[in-house]
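Data block below; observations after.
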Amino acid sequence: MLMISLRRCILTLLVGIAAAILGIVYQRTIGISFDFPNIFSQSNNIITSPQMASKPVIVVGSGLAGLSAAHEALRAGAKVHLLERALKPGGNSIKASSGINGAGTRFQKALGVELDDKFYDDTVRSAGQRFREAAEGKSLNVNRSQLIEALTRRSESAVHWLADEIGVDLSVVAPLGGHSIPRTHRGAGQTPPGAAIITTLLKKLGEDQNFQLSTSAEVVSLDVAADGAVKGVRYVSVSDGAKYDLEGHVVFAPGGFAGDANGLLAKHRPDLAGIPSTNEAKPASHGLLDAVGAEFVDMDSVQVHPTGFVDPKDPGATYKFLAAEVLRGEGGILLSGEGKRFVNEMETREVVSKAIMELPSQDSGSTRQWDVTLLLDPGACEATAGHLGFYLFKGFMEKKKVKDLSPQVIEAVDRYAATVAAGTDADFGRRNFGHWRLVPGEANREEEVCVGKVTPITHFTMGGAAFNEKAQVLGRGLVPVKGLWAAGEITGGIHGDNRLGGSSLLECVVFGRIAGAEAAKAVAQE
Ligand SMILES: Cc1cc2nc3c(=O)[nH]c(=O)nc-3n(C[C@H](O)[C@H](O)[C@H](O)COP(=O)(O)OP(=O)(O)OC[C@H]3O[C@@H](n4cnc5c(N)ncnc54)[C@H](O)[C@@H]3O)c2cc1C
Ligand SMILES: *[C@@H]1O[C@H](CO)[C@@H](O)[C@H](O)[C@H]1NC(C)=O
């Protein structure tokens, strides 16, 4: 007996010390503090957290959707316990680089956009065939127009909330592809929007006594009452395997499944199995919702980018950086492993990706990839200098004199330079040559081009759990599952065929806030 309790004491102490160290390291990196789950009663290796005066709203996932939900639940008077399986919070949200959409914001007005009533239409157009088929009753009948209406109508207040209540600079508005009006917001400084939003929100949440964040805490199941209502979660400490049961209403915000390349992605898109991703390589958490009867929509709708950088230092990495489309837009070309062009580089992402995937593959372990060279002439290098600095620094691209390229690549460069000089691309029909100015022949041999290896990558999963405008997860027969809300990339039905850039951060804020407020309201009504 004594031995056991002594060992337990030491164990608890060690866990405490580890937690303290992690906490300190953590406070340094992000600048917030948080509590670790207390270890109290213990039976059958299941540890039950001490009962709070009222049950907390349990938020699963600390990306933008989870943090937005936590903030709103706190504001509505609830206690919040946020569970995150990674060592650090922020998910894929912290990496977002373009910005967040808002229609009708004061920042848009400052730019001279007096009226923006096209956001709904732009979103429906981008959602494409899946939206039309749903409207005709050909697919699962989630109310897509209602979701898009909520997303777009609340976009102005989402951006103003981040700017005014949270304190994030979002004063710069830029045009992105698929938008008829500039409406994607980011800050004026160097910090990318994802990092700016996440760190500011975390700091804000950390100031609230009713907020508790547990990292390295992976939710492994949702607990269901006899009547089918979700009444809590079971989670596991990633560091020591201890299991915990926590009671409360649940906001589920664990992100998408692009990083689950050999799991959920392979299941719904066998053609994309093993493809690297801009998302962290992690198993998806969709199965937890499936287990409580949630419906899913558009699971085979996955955003693929033709060009992710193959890092020469770690070519087989499943996690890759995006090679911005602007590199091709400003004049870059793509060459096969044999040093030949094979596609009009200005085609849509789908067409270019497909053309690459028809080349012989060059797999690395379980990662499926292709041997493609992205090459920019001096004109294109100059036009993209802002991006190139980072890519050169990271070693994704390098500068080389034409004479130092392989004979096949020199031949392809000369052939393309002649094409640009002639003004028509008889090979592939490219019409826009960007800033390419390299001339064909011996005269170009001392000129410097920028080259790097690229391969298709997955970026975003449009599909996910069926849900409604109150962010309730919908089960069989599209009936809401009691006690369960969801927000962010885990949900489906908004983006259909294709997500507009900037709209996923937006859905995190809009539906995360709704989910947090609704879950808190349900707690108060008990
Ligand atoms: C490189 C990059 C750039 C992007 N740029 C933009 C952009 O500029 N604008 C835009 O709108 N969108 C952008 N996106 C997309 C956007 O960032 C994501 O779709 C969005 O951030 C998803 O947020 P989320 O909160 O749903 O999930 P995430 O931010 O991915 O967070 C989910 C969290 O849940 C945790 N989790 C998962 N399962 C469990 C579990 N079982 N238990 C506990 N925790 C769990 C994960 O560890 C993760 O931290 C970009 C994406 C990437 C990868
Ligand atoms: C979808 O929601 C809108 C309200 O936003 C409503 O007018 C419409 O009838 C709903 N459609 C269906 C099929 O329920």
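In listed order, ligands and their atoms are each counted from 1.
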ask   = With the threshold set at 4.0 Å, does a side-chain nitrogen-carboxylate oxygen contact exist between Arg75 and Glu165?
value = yes
inquiry  = I want to check something: taking the side chain as every heavy atom from C-beta on, are Thr461 and His268 in contact at a cut-off of under 4.5 Å?
reply    = no
task = Can you label the angle between the Phe396 ring and the Phe321 ring as parallel, tilted or perpendicular, going by 30° and 60°?
result = tilted
inquiry  = List ligand 1 atoms under 4.0 Å from Asn279, heavy atoms only on the residue side.
reply    = 53 (C)
request  = Starting from atom 20 (C) of ligand 1, find the nearest protein heavy-atom neighbour and note its residue, name and distance.
outcome  = Ser93 OG, 3.8 Å
task = If you have a sec, work out which protein heavy atom is nearest atom 48 (C) of ligand 1 and how many Å separate them, to one decimal?
result = Glu84 OE1, 3.4 Å
query = At what distance is the nearest protein heavy atom to atom 14 (N) of ligand 1, and which residue and atom is it?
reply = Ser504 OG, 3.9 Å
key: Close side-chain approach of His71 and Leu67, heavy atoms under 4.5 Å   = no
key: Minimum heavy-atom distance between Pro315 and Lys320, given as atom pair plus value   = O-NZ, 3.1 Å
message = Just checking Lys470: does its NZ atom have more than 12 heavy atoms from other residues, nucleotides or ligands closer to it than 6.0 angstrom?
response = no
ask   = Where's the contact between Ala217 and ligand 1, heavy-atom distance under 4.0 Å: side chain, backbone, both or neither?
value = backbone
key: Protein contact of atom 13 (C) of ligand 2 - nearest heavy atom, named by residue and atom, plus distance   = Asn141 ND2, 4.3 Å
key: Residue part near ligand 1, for Ser503, under 4.0 Å between non-hydrogen atoms   = backbone
Atom 28 (P) of ligand 1 [closest protein heavy-atom partner, distance rounded to 0.1 Å] = Asn92 N, 3.5 Å
request  = Give the residue and atom name of whichever protein heavy atom lies nearest to atom 19 (O) of ligand 1, and the separation in Å to one decimal.
outcome  = Glu489 OE1, 2.6 Å
query = Does some non-hydrogen atom of Leu83 fall short of 4.0 Å from ligand 1?
reply = yes
ask   = Which ligand 1 atoms are under 4.0 Å away from a heavy-atom of Gly488?
value = 26 (O)
key: Any N/O pair Leu506/ligand 1 closer than 3.5 Å   = no
request  = Report yes if the side chains of Phe257 and Lys267 come closer than 4.5 Å at any heavy-atom pair, otherwise no.
outcome  = no
ask   = Can an N or O of Ala65 be found at a distance shorter than 3.5 Å from an N or O of ligand 1?
value = yes
ask   = For atom 7 (O) of ligand 2, is some protein heavy-atom partner under 4.0 Å away?
value = no
message = For atom 8 (O) of ligand 1, what is the closest protein heavy atom, and at what distance to 0.1 Å?
response = Ser98 N, 2.6 Å
request  = Heavy atoms only: give me the nearest Ala73-Val80 pair and the separation to one decimal.
outcome  = CB-CG2, 3.7 Å
query = Looking at CG of Leu322 and CZ of Phe309, how far apart are the two atoms once the value is rounded to the nearest 0.5 Å?
reply = 8.5 Å
task = Measure across Gly316 and Thr367 and return the closest heavy-atom pair with its distance rounded to 0.1 Å.
result = O-OG1, 3.1 Å
message = Between Arg269 and Asp300, does any NZ, NE, NH1 or NH2 come within less than 4.0 Å of an OD or OE carboxylate oxygen?
response = no
query = Applying a 4.0 Å heavy-atom criterion (strictly less than), which segment of Phe460 is in contact with ligand 1: side chain, backbone, both, or neither?
reply = side chain
ask   = Is atom 11 (N) of ligand 2 less than 4.0 angstrom from some protein heavy atom?
value = yes
query = Checking side chain to side chain contact (heavy atoms under 4.5 Å, CB included) against Met462, which of Gln303, Met299, Arg130 comes through?
reply = Gln303
message = Among Val168, Val509, Thr184, exactly one meets side chain to side chain contact (heavy atoms under 4.5 Å, CB included) together with Ile100. Which residue is that?
response = Val509
query = Under 4.0 Å from any heavy atom of Gly90, which atoms of ligand 1 are there?
reply = 29 (O)
query = Val219 to ligand 1: N or O pair under 3.5 Å?
reply = yes
query = Counting only N and O atoms by type, is there a donor-acceptor contact under 3.5 Å from the side chain of His495 to the main-chain atoms of Gly493?
reply = no
query = At a non-hydrogen distance cut-off of under 4.0 Å, which region of Lys282 contacts ligand 1 (side chain, backbone, both, or neither)?
reply = neither
inquiry  = Suppose I only count heavy atoms of Gly502 and a 4.0 Å limit; which atoms of ligand 1 are within that range?
reply    = 9 (N), 10 (C), 11 (O)
ask   = Can you tell me which residue and heavy atom of the protein come closest to atom 1 (C) of ligand 2, and the distance to 0.1 Å?
value = Asn143 ND2, 1.5 Å
key: Heavy-atom neighbours of Glu133 CD exceed 12 at 6.0 Å   = yes
request  = Return yes or no for this condition: an N or O of Leu288 is under 3.5 Å from an N or O of ligand 1.
outcome  = no
note = Logged contact type for Ser285 with ligand 1, heavy-atom cut-off 4.0 Å, is side chain
query = Can you find a non-hydrogen atom of His459 under 4.0 Å from ligand 1?
reply = yes
task = Check each heavy atom of Thr184 against ligand 1 and say whether those closer than 4.0 Å belong to the side chain, the backbone, both or neither.
result = neither
ask   = Could you give the distance from OG1 (Thr215) to CG (Leu82), rounded to the nearest 0.5 Å?
value = 10.0 Å
query = So which bit of Arg499 gets within less than 4.0 Å of ligand 1, heavy atoms only: side chain, backbone, both or neither?
reply = side chain
remark   = In this structure, NZ of Lys282 is separated from OG of Ser277 (nearest 0.5 Å) by 12.0 Å
ask   = Which protein heavy atom lies closest to atom 4 (C) of ligand 2, and at what distance to 0.1 Å?
value = Gln146 NE2, 3.6 Å
For atom 34 (O) of ligand 1, closest protein heavy-atom neighbour = Gly61 CA, 3.2 Å
Protein contact of atom 6 (C) of ligand 1 - nearest heavy atom, named by residue and atom, plus distance = Ala96 CB, 3.4 Å
message = Polar contacts were defined as any N/O atom of the residue lying under 3.5 Å from an N/O atom of the ligand; does this apply to Gly99 and ligand 1?
response = yes
task = Hey, can you tell me if His179 and Phe119 have their rings parallel, tilted or perpendicular (30° and 60° cut-offs)?
result = tilted
inquiry  = Tell me whether Thr278 has any N or O atom under 3.5 angstrom from an N or O of ligand 1.
reply    = no
